[in-house]
Amino acid sequence: MATAQKPAEDQQDDQNKVPAKTATKKLIVTKTFRTQGKDKKRVEFIASPEPQDLGEHAAMALKAGVAIEPTKASE
């Protein structure tokens with residue numbers, strides 16, 4: 001018995017799906033930095049003691065050392 005297969009483009013879409021993030025990542029920006037978003041627009045994050053939602057840039061900011069995770073006292 002033959003099984004029904006999805007069309008090739010549907011299979012490809014399933015492979016390209018990124019799991020949805022459940023929580024936004026708020027970080028404390030320690031040094032002002034500029035970067036480019038997925039939409040090719042420039043974005044700037046200003047250093048501040050208040051946690052900011054960095055969205056897609058959170059991992060990069062942590063790795064670059066321009067942001068830190070907030071402590072429980074500052075949340």
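Since the model is a prediction, treat every value here as computed from it, not as a measurement.
- The two residues P70 and K26 have their closest heavy-atom pair at CD-O, 3.3 Å.
- Using a 4.5 Å cut-off on side-chain heavy atoms (C-beta onward), K31 and F45 make no contact.
- Taking 4.5 Å as the limit, every side-chain heavy atom of Q52 sits out of range of all side-chain heavy atoms of I28.
- A 4.5 Å side-chain heavy-atom check between V29 and L54 finds at least one atom pair inside the cut-off.
- Checked against V43 for a side chain to side chain contact (heavy atoms under 4.5 Å, CB included), the options R34, Q36, H57 give a single hit: H57.
- Residues M60 and L62 share a hydrophobic cluster, clusters being chains of Ile/Leu/Val/Met/Phe/Trp/Tyr side chains in contact below 4.5 Å.
- Distance check: L27 CG to E50 CD gives 13.5 Å after rounding to the nearest 0.5 Å.
- A distance of 4.5 Å separates OG1 of T32 from CD1 of I46, quoted to the nearest 0.5 Å.
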